[in-house]
Amino acid sequence: MVHDWGEREQVTMPKFKVERVYWLMKSEPEAFSIDDLAKAKNKTSPWDGVRNYKARNYIKDMKIGDYAFFYHSSCKLPAIVGIVEIVSSPYPDPSAWRENSPYFDPKSTPANPRWFMVDVTFKKKFKEPILLQDLRQNPKISDFTLLKKGNRLSILPVTQQQWQSILAMIHEQN
DNA sequence: GCCAACGTTGGC
DNA sequence: GCCAACGTTGGC
């Protein structure tokens, strides 16, 4: 009979559905920008230096294949500037063990690591950054942690709805 | 450079 | 385990 590939796809899709989780990762562009990541070897870099327990726990929740918004903070125009993919499982952050590192923490040891990181790879840089001031104007993401007063976390979970609402803002740009 | 909002530290 | 002092984050 007539093949209905659309319907078949709907039936079989859930079986192969990838459960991807979304995040937002902050970086000060003067320290490490999305262009730095794009220029890195294999466009991939460890995301080191996270020194906050809640953010650390989010890192530990990350899985290979998750996506994250790359956010530029502490700069003239704070904004989401692109997308990265998580390409490693969480593993101990060795910068905590280097005494000359700004991220040195004597309480973290190789035997008992306190801080973790993942490797991220460059996926895309938006033609126009999605500015924080514009995110604040979008009622669909009014609950987004990034926009909450007093938020200081450098790693944030992003719901699928928030992810899509934010991506939709790109198409509204000109 | 200011300052609100947290997180961390350490004395008690 | 409380909490004051201090440090940090990050928008403005």
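The chains referred to below are lettered A, B, ... by the order of the sequence lines, with proteins before strands, and numbering in each begins at 1.
Between the A:His72 side chain and the A:Ile34 main chain, a donor and an acceptor come within less than 3.5 Å of each other.
Residues from residues 141-151 of chain A with heavy atoms under 4.0 angstrom of DNA chain B, sorted by number: A:Lys149, A:Gly150.
For A:Lys148, the NZ atom sits in a packed shell: over 12 heavy atoms of surrounding residues, nucleotides or ligands are nearer than 6.0 Å.
Taking the six-membered ring for Trp, A:Trp163 and A:Phe69 have ring centres closer than 6.0 Å.
Atom CE of A:Met25 is separated from atom P of C:dT9 by 16 Å (rounded to the nearest Å). Rounded to a whole Å, the CG atom of A:Asn52 is 11 Å from the P atom of B:dT9. Going from atom NZ of A:Lys26 over to atom P of C:dT9 covers 10 Å, rounded to whole Å. For the pair A:Ile80 CD1 and C:dG10 C1', the interatomic distance rounds to 15 Å; values are reported in whole Å. In this entry the distance linking CD of A:Gln133 with C1' of C:dG11 reads 11 Å, nearest Å. When rounded to the nearest whole Å, the span between CG of A:Leu156 and P of C:dT9 equals 15 Å. For the pair A:Glu28 CD and C:dG11 C1', the computed distance is 12 Å after rounding to whole Å. Atom CG of A:Leu135 is separated from atom P of C:dG11 by 11 Å (rounded to the nearest Å).
A continuous path of Ile, Leu, Val, Met, Phe, Trp and Tyr side chains, each step under 4.5 Å between heavy atoms, connects A:Ile166 with A:Ile170, placing both in one hydrophobic cluster. There is no path of hydrophobic side-chain contacts, each under 4.5 Å, that joins A:Phe70 to A:Val87. Put simply, A:Leu167 and A:Phe144 are part of the same group of oily side chains (I, L, V, M, F, W, Y) that touch within less than 4.5 Å, one to the next.
A:Arg136 comes within 4.0 angstrom of the backbone, heavy atoms only, and of no base. Note on A:Lys76: nothing from the nucleic acid sits closer than 4.0 angstrom, heavy atoms only.
Of the candidates A:Asp105, A:Asp48, A:Asn52, A:Asp93, A:Trp115 forms a side chain to side chain donor-acceptor pair (under 3.5 Å) with just one, namely A:Asp105.
The shortest heavy-atom contact between A:Pro78 and A:Cys75 is CD-O, 3.5 Å. Listed here is the closest heavy atom pair of A:Met62 and A:Pro90: O-CD, 3.6 Å.
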Could you list all N or O pairs between the protein and nucleotides 5-8 of chain C that sit under 3.5 Å apart?
unit_1 : atom_1 : unit_2   : atom_2 : d
C:dT8  : O2     : A:Arg152 : NH1    : 3.4

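Applying the 4.0 Å criterion to OP1 and OP2 of C:dG11, one finds that A:Tyr71 has a side-chain N or O inside that range.
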